[in-house]
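As structure tokens, the structure follows; a few thoughts come after it.
For ligands, and for the atoms within them, numbers begin at 1 and follow the listed sequence.
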Amino acid sequence: MVPSPSTSAPAETCGPVLPGSVCAVKLRCVFLLKCVSRRVCVCVCPVSYVERGRQHRWRCAQVTFTCPTEASCQRWVAGIRELLAANASRPRRLLVYINPYGGKKQGKRIYEQKVAPLFARAGVSTHVIVTEYANHARDHLRTEAELKQFDGVVCVGGDGMFSEIIHGLIWRTQVDGSVDPGCPDETLSPCSLRVGIIPAGSTDCICFATVGTNDPVTSALHIIVGDSQAMDVCSIHHNNTFLRYSVSLLGYGFYGDVLTDSERKRWMGPARYDLSGLKMFLTHHYYEGTVSYLPARGILGTPRDGARCRSGCVVCQHNGQLLSEKAERYETENDGEWRTIRGKFLAINAASMSCACPRSPKGLSPAAHLADGTTDLILVRKCSRFNFLRHLLRHTSKDDQFDLTFVEVHRVRRFRFTPRHCQSDSDLELDLRENNKGQIFSQICTDHPACGCAPAYSSWNCDGEILTHTAIDVRVHCQLIKLFARGIEELESGLCVTVT
Ligand SMILES: CCCCCCCCCCCCC/C=C/[C@@H](O)[C@H](COP(=O)(O)O)NC(=O)CCCCCCCCCCCCCCC
Ligand SMILES: Nc1ncnc2c1ncn2[C@@H]1O[C@H](COP(=O)(O)OP(=O)(O)O)[C@@H](O)[C@H]1O
Ligand SMILES: [Ca+2]
């Protein structure tokens, strides 16, 4: 039994030393440390626990018990330690990668000041690597890291750093399990190690969309209590050659251009995205191409059903189960019917999760799910600047950003994109027949950017990294990875909530 100041105290305890305000707050006992002092016949024993704060923030609080004898205190300590040791989901040893270069370059300070003391208090040991160059963490995980020694990996950085970690982990898991990670039709093996994110980047949307806040202490506590949240991963190929994985936003057009432009302004820190966003909004480029997709069938949920993926999401559980049964029956996703859309687009976005972040608290696709085996394909067709602004503004309000004639959204298992300049001769001929003469001239212009009109192609923003190819093939792998998170909790600011 765990001593708790709000339940009836065992005969030998003298009750809590701390005043009554703490008594009402009884949450999962998170850490237990030691008997700190011994006075005459009174032994004091502080117990740390998680307290919920506002806006999904968690804080570490302490309650102190006193016992009349050292023996009874030790029994309490041993009892609680035993309980904690029996909890297999709590990590004991973690491999930590810190990106000292991301966001406001505060990763190292954030870890040392806010996270390391909590890990130490909870008895979690760590092996810390401060990265020295881009892809250091990815390559270390792929080839060198002794993963058997660890119960999880912690990423201190932004979405780009998280992307490095999952690239290393997924690759390593496939190679260790003799699965070909490069093959687009391969069923990938799920990674057994969970990943914790300590937000220290510029957008940190993966942390925000899985925890509900970008707060290092909250993330550290989710890691310590051993939370687990499955997450879908998209694999991206070009001509059957593997390019990258994506878990949040895969965006062509507007978000690709914003990212490309913002990289040149990295010295500005996170504000670079706003400046590049404004610039690209004014530039107003559109891109021509063909999108083909395989709609997700027979699953729960649609992109406009108003549902929200929350802690313990039943849609994710149901669809995850369904898709794993399908895989067991050797059914391939190729059975379905592909649909094709040809056009001019300001943006083509695939959101595998809501992509909620402080800039857009409901995200690019508010009803997208973290672990349902699908991605929401959002097509924003060429429209006026005014209309595009209306669409963008709706990311920050309660209004539906898809309820506009030039926007469509589809929940898909797979999709392909081919920019117009890569289309086959027959496709181009079809286009020529469909279009009028004026548009033929505009095609000539887009093929010759020197004439000053819009460029023929953009690039893909893949979780904040630029992709080198424009023609891509994307497939969702249901629940391929797990995070030290529990999804966003429905409870809003319950200051005193009992979990156990
Ligand atoms: C007019 C206001 C419009 C606000 C629209 C906000 C939409 C924001 C959606 C953000 C989705 C983010 C998806 C996450 C992507 C990240 O993986 C990725 C990498 O993260 P990392 O830096 O932590 O490594 N981040 C990004 O690609 C950054 C995307 C940020 C886009 C900001 C766009 C701002 C647009 C401003 C338009 C201003 C028009 C003003 C007209 C008067
Ligand atoms: N030590 C390092 N020096 C330079 N770049 C690094 C280093 N470690 C990681 N990176 C790279 O930094 C980029 C940005 O990292 P990220 O943590 O996402 O920050 P931000 O959110 O500011 O983009 C990623 O592409 C990552 O691969
Ligand atoms: Ca999903």
Side-chain angles (χ1 to χ4, degrees), residues 97-105 107-108 129-138 155-165 167 197 199-209 214 230-234 246-251 254-260 262-263 266 269-270 272-282 296 301 309 313 315-316 319-320 349-365 368-376 385-386 388-397 401 411-413 461-466 476-479:
Y97 293 98
I98 303 177
N99 178 359
Y101 163 85
K104 295 180 182 157
K105 301 194 182 354
K108 205 159 166 285
I129 296 174
V130 179
T131 62
E132 287 163 17
Y133 47 88
N135 293 325
H136 182 175
R138 184 199 68 184
C155 157
V156 184
D159 294 341
M161 186 61 183
F162 177 79
S163 173
E164 270 200 38
I165 303 284
H167 277 80
I197 309 174
S202 301
T203 314
D204 299 317
C205 108
I206 302 163
C207 180
F208 197 93
N214 285 340
M231 219 161 74
D232 298 334
V233 176
C234 289
S246 162
V247 293
S248 58
L249 165 67
L250 185 54
F254 183 68
Y255 289 102
D257 294 349
V258 169
L259 183 70
T260 307
S262 71
E263 278 303 309
R266 195 165 256 285
R272 68 188 185 279
Y273 288 135
D274 301 310
L275 193 64
S276 297
L278 175 63
K279 183 175 160 189
M280 287 308 143
F281 168 76
L282 295 172
C309 185
C313 175
V315 172
C316 290
N319 295 352
N349 301 321
S352 298
M353 56 170 71
S354 70
C355 294
C357 60
R359 276 188 187 81
S360 170
K362 62 177 186 171
L364 281 181
S365 190
H369 288 271
L370 288 169
D372 67 340
T374 73
T375 188
D376 286 352
R385 275 192 190 81
F386 174 72
F388 190 46
L389 182 61
R390 280 173 68 211
H391 169 65
L392 284 178
L393 280 172
R394 288 186 186 192
H395 289 84
T396 61
S397 72
Q401 60 259 49
R411 190 155 284 180
V412 310
R413 298 269 304 130
N461 173 339
C462 175
D463 294 353
E465 305 294 307
I466 298 165
V476 189
H477 300 264
C478 187
Q479 306 188 1

Shortest reach to [atom] by a heavy atom, considering only [options]:
{"atom": "atom 6 (C) of ligand 1", "options": "Glu465, Arg359, Lys279", "answer": "Arg359"}
{"atom": "atom 39 (C) of ligand 1", "options": "Tyr273, Phe281, Phe208", "answer": "Phe281"}
{"atom": "atom 17 (O) of ligand 2", "options": "Gly158, Ala200, Gly201", "answer": "Gly158"}

Ligand-side contact atoms (ligand 2) for residue partner [X], heavy atom cut-off under 4.0 Å:
{"X": "Gly160", "result": "18 (O)"}
{"X": "Gly103", "result": "19 (O), 20 (P), 22 (O)"}
{"X": "Gly157", "result": "17 (O)"}

Classify the ring geometry of Phe388 against His391: parallel below 30°, tilted from 30° to 60°, perpendicular beyond 60°.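 The rings of Phe388 and His391 lie parallel, inter-plane angle below 30°.
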Atom of [X] nearest the Ca ion (ligand 3) (restricted to N/O/S, atom name only):
{"X": "His369", "value": "O"}
{"X": "Asp232", "value": "OD2"}
{"X": "Asp372", "value": "OD1"}

Close side-chain approach of [X] and [Y], heavy atoms under 4.5 Å:
{"X": "Cys316", "Y": "Cys309", "answer": "yes"}
{"X": "Phe281", "Y": "Leu389", "answer": "yes"}
{"X": "Val247", "Y": "Ser352", "answer": "no"}
{"X": "Arg359", "Y": "Tyr273", "answer": "yes"}
{"X": "His369", "Y": "Asp232", "answer": "no"}
{"X": "Glu263", "Y": "Arg266", "answer": "yes"}
{"X": "Asn99", "Y": "Glu164", "answer": "no"}
{"X": "Lys104", "Y": "Pro270", "answer": "yes"}

What do we get for [X] next to ligand 2 when only non-hydrogen atoms under 4.0 Å count, side chain, backbone, both or neither?
{"X": "Tyr133", "result": "backbone"}
{"X": "Glu132", "result": "backbone"}
{"X": "Lys104", "result": "neither"}
{"X": "Arg138", "result": "neither"}
{"X": "Ala137", "result": "neither"}
{"X": "Val130", "result": "neither"}
{"X": "Glu164", "result": "side chain"}

Does any N, O or S atom in Thr374 come within less than 3.0 Å of the Ca ion (ligand 3)?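 Checking the Ca ion (ligand 3) against Thr374, an N, O or S atom does fall under 3.0 Å.
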Is the distance between the Ca ion (ligand 3) and the nearest N/O/S atom of Ser352 smaller than 3.0 Å?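 It does: Ser352 brings an N, O or S atom closer than 3.0 Å to the Ca ion (ligand 3).
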Give the residue, atom name and distance (to 0.1 Å) of the protein heavy atom nearest [atom].
{"atom": "atom 15 (O) of ligand 2", "answer": "Asn99 ND2, 2.9 Å"}
{"atom": "atom 5 (C) of ligand 1", "answer": "Leu392 O, 3.8 Å"}
{"atom": "atom 8 (N) of ligand 2", "answer": "Thr131 OG1, 2.8 Å"}
{"atom": "atom 14 (C) of ligand 1", "answer": "Cys205 SG, 3.6 Å"}
{"atom": "atom 25 (N) of ligand 1", "answer": "Thr203 OG1, 3.0 Å"}
{"atom": "atom 1 (C) of ligand 1", "answer": "Leu393 CD2, 3.7 Å"}
{"atom": "atom 9 (C) of ligand 1", "answer": "Tyr255 OH, 3.7 Å"}
{"atom": "atom 35 (C) of ligand 1", "answer": "Gly277 CA, 3.9 Å"}
{"atom": "atom 20 (P) of ligand 2", "answer": "Ser202 OG, 3.5 Å"}
{"atom": "atom 5 (N) of ligand 2", "answer": "Tyr101 CD2, 3.1 Å"}
{"atom": "atom 16 (C) of ligand 1", "answer": "Asp159 OD2, 3.1 Å"}
{"atom": "atom 24 (C) of ligand 2", "answer": "Glu465 OE2, 3.6 Å"}
{"atom": "atom 19 (O) of ligand 2", "answer": "Gly102 CA, 3.3 Å"}
{"atom": "atom 14 (C) of ligand 2", "answer": "Arg266 NH2, 3.5 Å"}
{"atom": "atom 4 (C) of ligand 1", "answer": "Thr396 CG2, 3.9 Å"}

With backbone taken as N, CA, C and O and side chain as the heavy atoms from C-beta onward, which portion of Ile206 lies under 4.0 Å from ligand 1: side chain, backbone, both, or neither?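 Neither part.
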Looking only at heavy atoms, is any part of Ser248 under 4.0 Å from ligand 1, and if so is it the side chain, the backbone, or both, or is it neither?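 Near ligand 1, Ser248 shows its side chain, while the N, CA, C and O stay back.
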Per-atom contacts of ligand 1 with Gly464, taking only distances under 4.0 Å to non-hydrogen atoms: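 That gives atoms 17 (O), 18 (C), 19 (C) of ligand 1.
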Element-labelled atoms of ligand 1 that are located less than 4.0 Å from some non-hydrogen atom of Leu389: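 What qualifies from ligand 1 is 41 (C).
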Atom [atom1] in [X], atom [atom2] in [Y]: separation rounded to 0.5 Å?
{"X": "Ser248", "Y": "Leu370", "atom1": "OG", "atom2": "CG", "value": "11.0 Å"}
{"X": "Tyr255", "Y": "Ser262", "atom1": "OH", "atom2": "OG", "value": "12.5 Å"}
{"X": "His167", "Y": "Phe162", "atom1": "NE2", "atom2": "CZ", "value": "10.5 Å"}
{"X": "Met353", "Y": "Cys205", "atom1": "CE", "atom2": "SG", "value": "6.0 Å"}
{"X": "Asn461", "Y": "Leu250", "atom1": "CG", "atom2": "CG", "value": "8.0 Å"}
{"X": "Ile206", "Y": "Asp463", "atom1": "CD1", "atom2": "CG", "value": "5.0 Å"}

Please confirm whether the backbone N or O of Cys357 pairs with a side-chain atom of Ser360, one donor and one acceptor, at under 3.5 Å?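 It does not hold such a pair.
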Nearest heavy atoms of Cys234 and Val476, plus distance in Å: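 In terms of heavy atoms, the two residues are closest at SG-CG2, 4.0 Å.
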Check Leu249 against Cys355 and note the closest heavy-atom contact, atom names and distance.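 Nearest pair, atom of Leu249 first, then Cys355: N-SG, 3.8 Å.
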So for atom NZ, which belongs to Lys108, do other residues, nucleotides or ligands contribute more than 12 heavy atoms lying within a distance under 6.0 Å?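 No, NZ of Lys108 has 12 or fewer neighbouring heavy atoms, counting only those of other groups under 6.0 Å.
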Polar proximity ligand 1 side, Gly160 side, N/O cut 3.5 Å exclusive: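 Yes; the residue has a nitrogen or oxygen that sits under 3.5 Å from a nitrogen or oxygen of the ligand.
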Give yes or no for whether the N/O distance cutoff of 3.5 Å, strictly under, is met between Ser360 and ligand 1.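 The answer is no, given that Ser360 and ligand 1 share no N or O pair closer than 3.5 Å.
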Touching ligand 2 at all, Pro100? Heavy atoms, strictly under 4.0 Å?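 Within the 4.0 Å threshold, so yes.
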Under a heavy-atom criterion of less than 4.0 Å, does His167 contact ligand 2?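 It does not; every heavy atom stays at 4.0 Å or beyond.
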